Structure formats: structure tokens, C-alpha cells
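Below, all heavy atoms of this structure are taken into account, side chains as well, without hydrogens, waters or symmetry copies. Since the structure is predicted, the reported quantities are computational estimates derived from the model, not experimental observations.
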Amino acid sequence: QSRIVESGGDLVQSGGSLKLSCKGSGFVLSYYAIGWFRQAPGKEREGVICLTRRDGITENVDSVKGRFTISRDRAKNSVYLQMNNLKPEDTAVYHCAADLNDSCEDWEFDYWGQGTQVTVSS
């Protein structure tokens with residue numbers, strides 16, 4: 001069964017760093033655009049950052065620019081979200097998702113992972 005699995009979420013202090021991983025199983029991530037989303041308690045899910053097949057990057061949240069980066073390791077069938085200088089407002093469940101149309105424009109994705117919890121303490 002094809003699926004996407006996220007990992008790397010943790011409890012971290014403000015100012016700390018985390019690297020989230022998104023791995024495909026029976027699913028070649030490099031064929032698709034991969035986006036990272038997050039959903040904080042009581043808030044709607046928001047698209048954070050996206051990477052196309054040709055490594056084009058789209059950032060959607062101003063507050064993470066300069067702090068979050070996305071990258072891909074094709075050999076490991078994985079996409080990563082490096083998060084630096086974390087803030088309490090970054091606390092959320094982070095999901096990665098794949099877009100079969102290789103688009104980071106409409107933030108409409110087709111396959112989703114189950115999410116990983118990131119908690120940033122002040």
C-alpha cells in the first residue's frame with residue numbers, strides 16, 4: 001500500500017531546531033510536488049512550504065521565511081523540513097503531502113501523511 005510517513009516531531013525549546021522527514025513507501029516522492037502543511041490547535045490547516053519535481057520552492061507563510069527550508073533526497077525517497085529558531089507559534093501538527101500535478105500553486109494535494117507533532121515551549 002502506498003503511503004507517506006512523517007517523522008521527527010518533538011518537544012523543543014524556543015530558539016531550537018528540528019528536522020522533519022517525509023518518506024514515501026510504495027510511493028516515489030520525487031515524481032511529485034511535496035508540500036509541508038501545519039495545523040495548530042483551534043486553527044485551520046495552512047500550507048507552509050512546497051517543493052516541485054524540479055526543486056522549485058514556494059513559501060506560503062511569511063513568519064517562517066528565513067527559518068524553514070525544504071529539501072529532497074531522491075536516493076532516500078524523502079523530503080525534509082529543516083526548522084530553525086523555532087517559536088511557540090510554530091507549535092502544530094505538521095503534515096507532508098504529494099501533488100500528482102507537480103504544482104505548488106493551488107495547494108491542493110492528493111496524498112497525505114498522518115502528521116507529526118511539533119511543540120515549542122517558551
Identify each donor-acceptor pair in which a side-chain atom of residues 63-71 lies under 3.5 Å from a protein atom, sequence neighbours left out, and give them as a table.
| from | atom 1 | to | atom 2 | distance (Å) |
| --- | --- | --- | --- | --- |
| Lys65 | NZ | Asp62 | OD1 | 3.0 |
| Arg67 | NE | Ser63 | O | 3.1 |
| Arg67 | NH1 | Asn85 | O | 2.9 |
| Arg67 | NH1 | Asp90 | OD2 | 2.8 |
| Arg67 | NH2 | Ser63 | O | 2.9 |
| Arg67 | NH2 | Asp90 | OD1 | 3.1 |
| Arg67 | NH2 | Asp90 | OD2 | 3.3 |

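- A distance-only check finds no donor-acceptor pair linking the side chain of Ser103 to the backbone of Asn101 [under 3.5 Å].
- Counted within 6.0 Å of CD on Glu105, heavy atoms from surrounding residues, nucleotides or ligands total 12 or fewer; the atom is thus considered open.
- Between Ser7 and Lys23, every side-chain heavy-atom pair lies at or beyond the 4.5 Å cut-off.
- Trp107 and Tyr32 fall into different hydrophobic clusters, defined by Ile, Leu, Val, Met, Phe, Trp and Tyr side-chain heavy atoms under 4.5 Å apart, directly or through other members.
- Pairing each heavy atom of Gly47 with each of Phe37, the nearest pair is CA-CD2, 3.4 Å.
- Distance alone, capped at 3.5 Å, places no donor-acceptor pair between the Arg45 side chain and the Val93 backbone.
- Annotation for Tyr94 and Arg38: closest pair OH-NH1, 3.0 Å, computed over non-hydrogen atoms.
- In this structure, Lys19 contributes its side chain and Gly8 its backbone to no donor-acceptor pair below 3.5 Å.
- A continuous path of hydrophobic side-chain contacts links Val61 to Val79 [ILVMFWY only; heavy atoms under 4.5 Å].
- Taking every heavy atom of both residues into account, Trp36 and Cys22 meet most closely at CZ2-CB, 3.5 Å.
- Val5 and Phe27 fall into different hydrophobic clusters, where Ile, Leu, Val, Met, Phe, Trp and Tyr residues are linked whenever their side-chain heavy atoms come under 4.5 Å apart, directly or through other members.
- Taking both residues in full, the closest heavy atoms of Cys96 and Ile34 are given as CB-CG2, 4.4 Å, listed atom of the first, atom of the second, then distance.
- The environment of CZ in Arg74 is crowded: more than 12 heavy-atom neighbours from other residues, nucleotides or ligands sit within 6.0 Å.
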Residues 110-122 side chain polar contacts: donor-acceptor under 3.5 Å, at least two apart:
| from | atom 1 | to | atom 2 | distance (Å) |
| --- | --- | --- | --- | --- |
| Asp110 | OD2 | Leu100 | N | 2.7 |
| Trp112 | NE1 | Phe109 | O | 3.4 |
| Gln114 | NE2 | Glu6 | O | 3.4 |
| Thr116 | OG1 | Gly9 | N | 3.0 |
| Gln117 | NE2 | Ala92 | O | 3.4 |
| Gln117 | NE2 | Thr119 | OG1 | 3.3 |

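- Listed by chain and number, the residues in a side chain to side chain donor-acceptor pair (under 3.5 Å) with Asp102 amount to none (sequence neighbours excluded).
- No donor-acceptor pair closer than 3.5 Å links the side chain of Asp99 to the backbone N or O of Ala33.
- Taking every heavy atom of both residues into account, Cys104 and Leu51 meet most closely at SG-N, 3.6 Å.
- The line from CE of Met83 to CG of Leu20 is 3.5 Å long, rounded to the nearest 0.5 Å.
- Closest of all the heavy-atom pairs between Asn84 and Ser17 is OD1-OG, 3.0 Å.
- A donor-acceptor pair under 3.5 Å links the side-chain atoms of Ser2 to the main chain of Gly26, judged by distance alone.
- In the hydrophobic clustering of this structure, Ile57 does not group with Tyr80; members are Ile, Leu, Val, Met, Phe, Trp, Tyr whose side-chain heavy atoms approach within less than 4.5 Å, directly or through other members.
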